[in-house]
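Note: hydrogens, waters and symmetry copies are ignored here, and every other heavy atom, side chains too, is used. Protein chains get the first letters and strands the later ones, always in sequence-line order, with residue 1 at the start of each.
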Amino acid sequence: MNIFESYLQDITSLIKKNQKKLNLKQTNSFKGVNLEIPPPNIGSDLSCNICMILAKPNNLDPNNLAVQVRDLIRGHISDFKDIEIAKPGFLNINLSNEAYFNIINNIFLEDNKFGSLKTNDTYNIEFVSANPTGPMHIGHCRGAVFGDVLSNLLKFNGNKVTKEYYINDYGTQIKNFVKSVYLRIREIKYKENFSNEKDLYPGEYIKDIAKKVLDKSKLKFDSFEDSYDFLEKESLHYSMKMIKSDLEKLGILHDSFVSEKSIVNSNALQKAIEKLKKTKHVEEGFLEPPKGEEIKNWKKTKKLIFKSVLFGDDANRALQKNDGSWTYFANDLAYHSNKVLRKYDKLINILGADHTGYVKRIKGAVQALSENKTILECKVCQLVKLFKNGSPFKMSKRAGDFISVNDLLNEVNRDSIRFMMLNRSNDVELEFDFDKVLEKSKENPVFYVQYCHARIQSIFRLINFQVKKKRNIKSTELNFNKYEKEILKKIFEWPKIVKIASNKYEPHRIPFYLYELATLFHSYWSKGNEDDEFKFIKNGKAKQNTMTVIQLILIVLQNGMNILNVSLPSKM
RNA sequence: GCGCCCUUAGCUCAGUUGGAUAGAGCAUCGGUUUUCUAAACCGAGGGUCGUAGGUUCGAAUCCUUCAGGGCGCGCCA
């Protein structure tokens, strides 16, 4: 139960019923009306802005309106103990003991569903989709964790989520990749020097793949062309195996892998283009040269183009190259038509910062393909800046000198990586400081949250307490002190955090919230050092109130960390 | 030139779909442990929320201007 919403509903329906009495001509729009926990200095449990919102269109003084509304509520909503009016027209509400009692028992009842929005949509989330030309690096890692946690969050709400990986196993980069493997094989088998051609992949991992291919095959590898099909299949197999293993170590498992090649070999593209020709989103035409850097071999030729300008893009986009073959975007359009046909309620793509310029055209494509029925949302993750020994650490996949996820996992545990990757909004660059993450100290927020759990479990151990599945409290037990009340308010806010994080696709709000909750807990814990009154355990027994509060914390910690898929150790 | 993102304390960043005195962590300074885990806690200093306007009861948040930084701007993938 989200108390903010249910109480707000009580208030709004009460006001609607008494519309005439309150001299309200307009109560149609309650937009902007909300009920929330006020800043600590206000002191009350809840605060409502409804009178300020309604005053203007009805030409009323917000303060006078607040007085009337207060009197109205007093007789009708029993969960509200008292209501005060503050400056411009806030209603500051305190909850009755009865209300606390109901809310808490409801949380116990909901348990591992507490906070869930209880929606039932289908989602397709495409994320990672790293090119199968090498292992995952740290930049992929951010999008990977982001997509995974967003999926978990949406599942927590009751939705069905398909986590999808689009394998770019088609095009010139794959040829270069396969050629690199071929040359490494020649190097091993015939002691030939590796070529220094520009677009090849020189990285060490190519040698590993080459060795594995050699172990498996007795072919002579005399000619690149003759062995190409076999080599491509094997090279892709091993690079995808590498990537999947990295993902698995991060705790990420995709439900679906879609190969670009399979899309190309289907008739999806032809069908999509036929459809878009009818709606005039695709036409033959000419394109102007790009405005950025000058391109050498620019030719103004007639070709099929997608009119992405209709969707706010800077320019229309080519579906064909000069030689008439399809562009990457054309294949991606086909892939997205395939997604549209699978009839998800919502599509989400998680992209890296270098793909920002791609968003408008692909969103436009989905809009056109689905006739505005399917919404594609693109979330862009900004760069990860690596720091080592206090200075920035550059990486380049082509040169082969990058920090792979595997390297990272050898030094930093999975929990820290997952938590750290979400410790920033996706909209800002993330500084990933190797030294700090390795320190395993309080600088690493994941420990702080885990430590909170470890302390709770230590209390349970000391008094031999077993958490029961069916729990409830009796109203007589309600006598929370100010620290406990503060923690309770934070806990009541959990559903709101879930809601905002879900609606805005901003999973980072969850680690931030958990950190704040942990702060309140640690602070309360330490109060026992100053004053025996606040000790959790006395004479081998714990106070009922305290046990109630820490069990509620436990529920939120478990629900939150489950979404993050970060462990909660019982001892640290 | 254009598009997207960013600009909040010395540093790194949160900020409740517009709310009340703008918050954390780190750093600095001071304090807390015979007592449930000090991987912790408490206190102090530190702010023109990049700039200039606008919208309104109310703006860090919405709109516009300008400045600074990042990413991108293929008929590559």
Side-chain angles (χ1 to χ4, degrees), chain A residues 4 32 34 36-42 47 49 52-53 55-56 61-63 86-90 92 131 133 168 170-174 199 260 287 289-293 295 297-301 303 305 312-315 317-323 325 327-329 331-332 352-360 380 382-383 385 423-431 433 436 440-445 447-448 450-452 454-455 458-459 461-463 493 496-497 499-500 503-504 508-509 512-513 515-516 519 522-530 532 535-538 540 542 571-572:
Chain A
F4 303 94
N34 52 36
E36 53 194 11
I37 292 178
N41 56 308
I42 302 298
S47 161
N49 65 351
M52 280 118 75
I53 301 283
K56 179 81 181 190
D61 175 55
N63 220 58
K87 274 186 280 176
F90 285 108
N92 288 333
N131 287 336
T133 53
N168 295 129
Y170 186 85
T172 47
Q173 61 167 2
I174 294 300
D199 292 326
E260 181 180 358
L287 290 177
K291 299 258 165 70
E293 238 175 277
I295 284 140
N297 304 320
W298 184 267
K299 278 182 192 166
K300 201 168 178 178
T301 55
K303 54 170 61 79
I305 56 172
D313 203 358
D314 312 345
R317 303 295 168 176
L319 294 168
Q320 290 175 302
K321 304 179 195 174
N322 277 329
D323 62 6
S325 63
T327 60
Y328 174 81
F329 173 56
N331 292 340
D332 210 19
D354 49 344
H355 288 83
T356 12
Y358 198 71
V359 172
K360 281 180 180 169
V380 175
Q382 294 300 318
L383 297 180
K385 275 203 232 161
N423 211 31
R424 289 281 174 276
S425 149
N426 62 287
D427 279 335
V428 304
E429 287 185 0
L430 182 126
E431 270 188 35
D433 193 318
K436 275 187 185 172
K440 294 193 177 183
S441 75
K442 61 188 168 184
E443 294 213 19
N444 191 343
F447 287 105
Y448 191 79
Q450 287 176 325
Y451 188 40
C452 170
R455 277 178 154 175
S458 116
I459 296 290
R461 274 195 301 274
L462 283 167
I463 60 166
E493 269 192 303
K496 201 170 179 177
I497 298 298
K499 188 177 181 183
I500 294 166
N503 290 347
K504 299 176 90 167
H508 74 276
R509 287 171 188 270
F512 276 100
Y513 168 85
Y515 187 86
E516 284 163 16
T519 304
H522 288 306
S523 174
Y524 183 32
W525 173 285
S526 301
K527 289 291 176 294
N529 289 338
E530 296 153 27
D532 270 1
K535 281 221 180 305
F536 288 17
I537 299 173
K538 258 186 199 168
K571 268 186 182 176
M572 288 176 76

Nearest listed nucleotide, side chain of [X], among [options]:
{"X": "A:T356", "options": "B:U17, B:A38, B:C4", "value": "B:C4"}
{"X": "A:E36", "options": "B:C57, B:C42, B:U16", "value": "B:U16"}
{"X": "A:P39", "options": "B:A20, B:G19, B:G74", "value": "B:A20"}
{"X": "A:Y451", "options": "B:A40, B:G70, B:C76", "value": "B:A40"}
{"X": "A:I42", "options": "B:C57, B:C36, B:A20", "value": "B:A20"}
{"X": "A:H522", "options": "B:A39, B:G1, B:A40", "value": "B:A40"}

Could you work out the separation of [N] and [M] based on their [atom1] atoms and round it to a whole Å?
{"N": "B:U7", "M": "B:A52", "atom1": "C1'", "answer": "16 Å"}
{"N": "B:C41", "M": "B:G15", "atom1": "C1'", "answer": "24 Å"}
{"N": "B:U8", "M": "B:A60", "atom1": "P", "answer": "15 Å"}
{"N": "B:C73", "M": "B:G10", "atom1": "C1'", "answer": "37 Å"}
{"N": "B:G1", "M": "B:U61", "atom1": "P", "answer": "26 Å"}
{"N": "B:A24", "M": "B:C2", "atom1": "P", "answer": "41 Å"}
{"N": "B:A9", "M": "B:A27", "atom1": "C1'", "answer": "11 Å"}
{"N": "B:A67", "M": "B:G23", "atom1": "P", "answer": "33 Å"}

[X] vs [N]: side-chain N/O to OP1/OP2 distance below 4.0 Å:
{"X": "A:S523", "N": "B:C42", "result": "yes"}
{"X": "A:R455", "N": "B:A38", "result": "yes"}
{"X": "A:Y448", "N": "B:C41", "result": "yes"}
{"X": "A:N34", "N": "B:U16", "result": "no"}
{"X": "A:K321", "N": "B:A77", "result": "yes"}
{"X": "A:S458", "N": "B:C36", "result": "no"}
{"X": "A:K56", "N": "B:C57", "result": "yes"}

Can you check the [X] [atom1] to [N] [atom2] distance for me, whole Å?
{"X": "A:Q173", "N": "B:G74", "atom1": "CD", "atom2": "P", "answer": "17 Å"}
{"X": "A:E530", "N": "B:C41", "atom1": "CD", "atom2": "P", "answer": "12 Å"}
{"X": "A:F536", "N": "B:C36", "atom1": "CZ", "atom2": "P", "answer": "13 Å"}
{"X": "A:M572", "N": "B:A38", "atom1": "CE", "atom2": "C1'", "answer": "14 Å"}
{"X": "A:D427", "N": "B:G3", "atom1": "CG", "atom2": "P", "answer": "18 Å"}
{"X": "A:Y358", "N": "B:G74", "atom1": "OH", "atom2": "C1'", "answer": "12 Å"}
{"X": "A:F329", "N": "B:G72", "atom1": "CZ", "atom2": "P", "answer": "20 Å"}
{"X": "A:D314", "N": "B:C4", "atom1": "CG", "atom2": "P", "answer": "8 Å"}

- Sequence neighbours left out, what passes salt bridge (charged side-chain N to carboxylate O under 4.0 Å, His left out) with A:R509? Give chain and number order. A:E506

- Message: Tell me every residue that passes salt bridge (charged side-chain N to carboxylate O under 4.0 Å, His left out) with A:K300, counting only those two or more places apart in sequence or in another chain.
- Response: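 Applying salt bridge (charged side-chain N to carboxylate O under 4.0 Å, His left out) to A:K300 gives A:E288.
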
Just to be sure I understand the rule, does [X] reach a base, reach only the sugar-phosphate, or reach nothing, if contact means heavy atoms closer than 4.0 Å?
{"X": "A:K538", "result": "nothing"}
{"X": "A:K291", "result": "base"}
{"X": "A:I497", "result": "nothing"}
{"X": "A:D532", "result": "base"}
{"X": "A:N92", "result": "base"}
{"X": "A:A353", "result": "sugar-phosphate"}
{"X": "A:P62", "result": "nothing"}
{"X": "A:I500", "result": "sugar-phosphate"}

- Query: Parallel under 30°, tilted from 30 to 60°, perpendicular over 60°: which one fits the rings of A:F329 and A:Y358?
  - Reply: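 Rings of A:F329 and A:Y358: perpendicular, over 60°.
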
- For residues A:Q173 and A:N131, is any side-chain donor paired with an opposing acceptor at under 3.5 Å? yes

- Do A:S325 and A:D323 get their side chains close enough for a donor-acceptor pair, meaning under 3.5 Å?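 Note: A:S325 and A:D323 side chains meet the donor-acceptor criterion.
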
What does the list of N/O pairs under 3.5 Å between the protein and nucleotides 12-14 of chain B look like, with a distance for each?
unit_1 : atom_1 : unit_2 : atom_2 : d
B:U12  : O2'    : A:R424 : NH2    : 2.6
B:C13  : OP1    : A:E429 : O      : 3.4
B:C13  : O5'    : A:R424 : NE     : 3.3
B:C13  : O2'    : A:R424 : NH1    : 3.3
B:A14  : OP1    : A:S425 : N      : 2.8

Donor-acceptor under 3.5 Å ([X] side chain, [Y] main chain):
{"X": "A:T519", "Y": "A:Y515", "answer": "yes"}
{"X": "A:K535", "Y": "A:G528", "answer": "yes"}
{"X": "A:N49", "Y": "A:N34", "answer": "yes"}
{"X": "A:N92", "Y": "A:S47", "answer": "no"}
{"X": "A:H522", "Y": "A:Y448", "answer": "yes"}
{"X": "A:T327", "Y": "A:K321", "answer": "no"}

- Query: With centres under 5.5 Å and planes under 30°, do A:W298 and B:G74 count as stacked?
  - Reply: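 No, the aromatic ring of A:W298 does not stack with the base.
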
- Query: Is there a donor N/O on one and an acceptor N/O on the other, under 3.5 Å, for the side chain of A:D354 and the base of B:A77?
  - Reply: no

- Query: Going by modelled atom types, is there a donor-acceptor pair between the base of B:U35 and the side chain of A:K535 at under 3.5 Å?
  - Reply: yes

- Query: Starting at the 5' end of RNA chain B, what dot-bracket string do you get if Watson-Crick and G-U pairs under 3.5 Å are bracketed, crossing pairs use [ ], other-strand pairs use | and unpaired bases use dots?
  - Reply: (((((((..((((.....[...)))).(((((.......))))).....(.(((..]....))).))))))))....

- Message: Suppose we screen for ring pair (Phe, Tyr, Trp, His ring centres under 6.0 Å). Which residues come up paired with A:Y170, at least two apart in sequence or across chains?
- Response: none

- Task: Just jot down the ring pair (Phe, Tyr, Trp, His ring centres under 6.0 Å) partners of A:Y524, sequence neighbours excluded, or say none.
- Result: A:Y483, A:F536

- Of A:L462 and A:N49, the one whose nearest nucleotide on RNA chain B sits closer to the 5' end is A:N49

- Could you check A:A454 against A:P38 and say which one's nearest nucleotide on RNA chain B is further toward the 5' end? A:P38

- Query: Between A:I497 and A:F512, is a side-chain contact (heavy atoms from CB on, under 4.5 Å) present by the stated rule, with each step listed?
  - Reply: CA-CA 10 Å; A:I497 298 298; A:F512 276 100; over 6 Å; no

